[in-house]
Amino acid sequence: MPKRLSALARCFLCLLVLSICAVAQENSAAAASATEFAQQIVERAGNPQSMSVSFQNISVLLPEMQESVQNAIFTAFRNANIRLVKPEQSTVQTEIIFSEDWQGYLWIADIQSGANKQMVMKKVPRPERAASAKAPVLTIRKNTVWQQDAQILDFYLDNQQLVLLEPTEIAIYAGDGGQWRPRYTLAIVHPESWPRDLRGRLIVNGSQLTAFLPGTRCTGSSSPPTLECRASDDPWQIDSSGLAGFFSPRRNFFTGILAGSSAGASVIPFFSGATWQSGDLKQWLFTGTDGRARFYQYDLSAPIAIFSGWGGNMAAIRSPCGSGTQLLMSSPNDSVRPDAVQAVEVLGREALPVSTPIELAGPVQAMWTAGKNSEFVNGVMLSPETGRYEAFTLNVSCGR
Amino acid sequence: MKPSRLMSAAVASLALVLLAQASSRPRYGGAAHIVLRDRVNTLDPLGEEDHPATRDRMNALIFENLTSMDAQGRLRSGLASSWQSDASKRVWQFHLRLAEFHDGSVLTAADAVASLQRSMGEWKITAIDRQTISIDATASAPHLPELLALPRFAIAKKTPENTLFGTGPYKFSEWQAGERLVLTANDDYWGGRPFPDSIEFQMGLPLRDQLLERQLGPYAAAELTVDQLRSIEQTNQNIMISRQSDLFAIVFLQGDDAAGRGRKPVDPRIREALANTVNRGAITSVILQKRAVAASGILPQWLTGYESLFPGNNSMDRAKELRSETAALVIVPPIALAYDASDPISKLLAERIALDAREAGIVVQPFGEAHVGNKQARSSLNAGAVLLRLPLAATEPSVALAARMDEMGLLPEHSALNLKADQPEQLFDLEGKALQTFRVIPIAHSSQAVWLSPATHNWQQSPTGSWQLDQFWVEGAR
């Protein structure tokens with residue numbers, strides 16, 4: 001117990017130090033901008049010998065940051081040999097207003113020198129809100145792999161390479177001292193325009209690459225780099241347990257006709273599917289395009305439970321916790337809003353959440369089971385704030 | 001087995017999630033019915049129209065621009081996949097993506113040139129090759145890409161029979177001017193077929209009774225006026241309210257330099273006096289139901305950060321003083337104030353303005369007019385001033401200011417909407433100069449509101465209040 005407390009204390013201290021460092025960094029960036037701003041004021045005011053300065057804050061600038069900025073401005077004035085005096089003692093009065101627009105801060109200096117009025121305005125970026133220093137209590141852990149402007153449909157990650165499936169190419173990166181360096185890009189050539197809410201699946205086996213896109217299949221290798229794409233309605237491999245399904249060539253869902261280990265069976269059209277073994281019991285779950293998830297046991301003749309209001313993205317994950325298989329599912333929010341992912345176990349005919357939801361900065365675009373033993377889920381999200389796509393992995397650890 | 005405390009919390013959180021709504025991935029199919037407040041008579045992006053903002057809402061689904069604005073207000077590529085400029089930012093090159101017009105013809109640089117020349121004759125626009133065009137803005141235009149996202153720069157192909165074709169995600173299917181527009185999904189759209197099979201706009205439905213009786217079942221979305229919001233909010237329906245993006249402003253039709261030509265301009269002192277009589281607090285809190293803020297500038301504070309520096313002009317004493325001074329020298333005639341006859345909010349505002357003005361001895365005669373929103377028709381109105389509701393055209397302040405000043409007739413001719421301003425100080429100066437003549441009297445920045453059906457998903461609104469429907473879908477489809 002003391003050991004655990006000490007670990008917690010260390011963690012707390014670490015977070016505290018990180019948070020203090022982040023605030024200090026923000027304050028120092030603001031102070032640098034403040035110095036530059038003060039120099040512009042001095043120049044615009046014609047290098048006066050003395051000046052009165054007042055401040056007004058009509059923005060969300062925090063008091064501690066405001067103080068730091070004000071101090072930097074005072075210092076810059078003193079460095080320029082300007083005496084700071086009361087308004088009645090000076091011919092130059094400067095009112096500094098900390099304002100903001102929809103993207104960042106706008107610092108305004110309203111300089112009154114006799115009848116002459118001058119303005120200095122400086123745009124200052126608003127620092128990104130620091131991540132919450134609250135200690136994580138979730139059992140789902142997220143690891144950011146890559147971020148970029150171009151859309152990511154799926155990705156493959158191992159120790160040596162990162163392979164990204166994009167709408168127009170497959171990009172291969174090689175690991176180099178903890179960084180991913182671009183190696184090759186292989187163009188995806190296809191005659192038709194892609195459907196909206198484009199989805200894709202990337203399977204990497206050694207150097208062999210297979211990419212499934214709506215109505216198109218690409219095969220090739222990363223070494224030597226080759227890729228050939230052709231019109232195809234071949235079923236997409238959904239997970240490593242052999243579940244495969246036919247994907248609509250002009251839409252964003254699986255038609256419901258299954259292949260692979262469930263060949264010959266059909267279910268309703270679905271967005272995501274998973275199959276797993278519970279003891280001797282084979283189980284399937286499909287998130288239907290009608291917004292309902294259907295759970296099957298033994299066979300696919302009829303669902304034994306239907307769950308309403310689930311998110312469209314779902315992937316199975318293996319872990320040493322609980323029954324050994326959890327389903328990670330996205331939230332049922334609109335797909336333009338930030339998402340959340342929660343782990344669920346299906347016991348009997350009931351779906352029980354086994355984690356609290358992990359909040360994401362944007363909507364989930366893709367989630368696929370990954371790893372040699374299905375111990376990961378590869379996810380892609382789009383951050384509305386930055387407009388960038390993020391590839392990430394999720395895994396589940398037991399307990400808090 | 002009793003669930004643990006963590007499990008109970010998790011069950012509770014899931015329960016909330018399950019109660020929320022349906023699946024997150026968009027679904028194809030279905031017909032979406034959208035109700036618009038105003039009636040539109042032409043879809044030509046450059047045609048004379050009484051309600052251009054409503055026309056532009058519909059046109060955004062049919063026509064595309066070289067560039068576009070996303071739901072966060074950021075500049076994005078449109079029909080141009082990339083662009084670059086020379087060092088002076090005067091000459092720009094835009095590379096077109098592969099796209100098709102709705103008549104099946106491929107978009108070429110020549111089409112884009114022809115379309116843009118109709119929109120902006122002052123620029124020198126040429127086709128460099130089949131997929132590249134060059135625009136010489138004749139002066140530095142640092143925000144040309146943002147400017148080209150304005151609806152007036154939509155790329156349209158005009159046939160000799162005057163039929164217009166766009167390249168957008170939806171095609172015309174049926175059009176009854178002022179009544180309804182039916183659009184069908186463009187299966188060959190370069191950005192992917194849109195989710196709904198069709199969208200039908202119904203125009204000019206007041207909806208008051210249907211909203212109160214919750215009888216909007218068949219509709220996916222409906223435009224609301226701010227006075228409808230309070231009663232709707234009490235019934236817990238789904239409403240999306242924008243930032244305070246629309247500007248209500250009085251604009252005097254005759255500039256001081258127009259003296260001797262046509263109608264006599266209103267005396268500048270009376271304009272200033274009128275500006276000081278307007279009780280903006282009462283207007284924003286009562287008529288606009290606290291969904292608006294008092295305006296002292298042409299652009300809102302949230303967009304520029306500097307609007308609060310403009311004087312508020314709300315001194316009745318100053319108004320009376322100016323009125324007396326002027327009356328001692330000249331006869332002060334009544335001001336005929338035209339407002340959009342189809343907009344009940346504008347009517348209330350105009351009446352309130354007249355009431356406030358009376359206190360200072362200024363006679364304002366409000367009257368409803370059908371063509372107040374039509375820039376070309378406005379100039380021939382028998383009115384001294386008009387009350388306008390102006391949408392925010394862009395999130396880039398210089399483009400937004402240029403568009404508003406152009407709409408209000410305050411922009412010098414041949415300025416090509418290019419303010420050549422990049423820095424906040426420059427824009428502040430430009431805006432300040434436009435305000436100091438009192439030809440425009442800002443009244444309020446107001447929000448837009450839209451009612452959404454529970455079956456409507458991914459409806460997005462940009463900071464300007466424009467609708468972003470590229471991910472929009474409706475439940476109940478196949």
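Computed from heavy atoms alone, side chains included, the values below leave out hydrogens, waters and symmetry copies. Letters A, B, ... mirror the listed sequences (proteins, then strands); counts begin at 1.
Within the 3.5 Å criterion, the main-chain N or O of B:D187 finds a donor-acceptor partner in the side chain of A:R250. Judged by distance alone, with hydrogens and angles left aside, the side-chain atoms of B:E425 form no donor-acceptor pair with the main-chain N or O of A:V120 at under 3.5 Å. Checking side-chain atoms of B:Y189 against main-chain N and O of A:P195 turns up no donor-acceptor pair under 3.5 Å. When atom types are taken as modelled, the side chain of B:R74 and the backbone of A:E385 share a donor-acceptor pair closer than 3.5 angstrom.
Both the backbone and the side chain of B:W302 have a heavy atom closer than 4.5 Å to some heavy atom of chain A. Looking at A:R199, the atoms closer than 4.5 Å to chain B (heavy atoms on both sides) all sit in the side chain, from C-beta outward. Using a 4.5 Å cut-off between heavy atoms, B:P194 touches chain A through backbone and side chain atoms alike. Residue B:P463 touches chain A through its side chain alone, counting heavy-atom pairs closer than 4.5 Å. Of the atoms belonging to A:K123, it is side-chain heavy atoms, and not backbone ones, that fall under 4.5 Å from chain B.
Put simply, of B:D429, B:D70, B:D470, B:L98, the one with the most heavy-atom pairs under 4.5 Å next to chain A is B:D470. For the options B:Q460, B:Q423, B:Q471, heavy-atom pairs under 4.5 Å to chain A are most numerous at B:Q460. No other option in A:M121, A:M119, A:E100, A:R196 has as many heavy-atom pairs under 4.5 Å with chain B as A:R196.
In this structure, the separation between CH2 on A:W102 and OG1 on B:T304 is 13.0 Å, given to the nearest 0.5 Å.
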A:I58/B:S308 under side chain to side chain contact (heavy atoms under 4.5 Å, CB included): CA gap, chis, key distance, verdict: CA-CA 9 Å; A:I58 55 169; B:S308 58; 3.4 Å; yes
Evaluation steps, side chain to side chain contact (heavy atoms under 4.5 Å, CB included), between A:T289 and B:R25: CA-CA 8 Å; A:T289 57; B:R25 255 192 200 283; over 6 Å; no
Criterion side chain to side chain contact (heavy atoms under 4.5 Å, CB included) on A:D101 and B:Y306, from CA distance to verdict: CA-CA 8 Å; A:D101 63 20; B:Y306 62 61; over 6 Å; no
Residues A:I108, B:L309; criterion side chain to side chain contact (heavy atoms under 4.5 Å, CB included); working and verdict: CA-CA 9 Å; A:I108 302 167; B:L309 298 176; 3.6 Å; yes
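Taking both residues in full, the closest heavy atoms of B:P26 and A:N252 are given as O-ND2, 2.7 Å, listed atom of the first, atom of the second, then distance. Across every non-hydrogen atom of A:L106 and B:G305, the tightest pair is CD2-C, 3.7 Å.
Remark: the B:Q301 side chain and the A:S99 side chain contain an N/O donor-acceptor pair separated by less than 3.5 Å.
Counting non-hydrogen atoms of neighbouring residues, nucleotides and ligands closer than 6.0 angstrom, the CD atom of B:Q426 exceeds 12 such neighbours.
At least one side-chain heavy atom of A:F271 sits less than 4.5 Å from a side-chain heavy atom of B:R27. Residues A:D197 and B:F195 have side chains in contact (heavy-atom distance under 4.5 Å, counting atoms from C-beta outward). Contact annotation: the side chain of B:D188 never approaches that of A:S193 to less than 4.5 Å [non-hydrogen atoms, C-beta and beyond].
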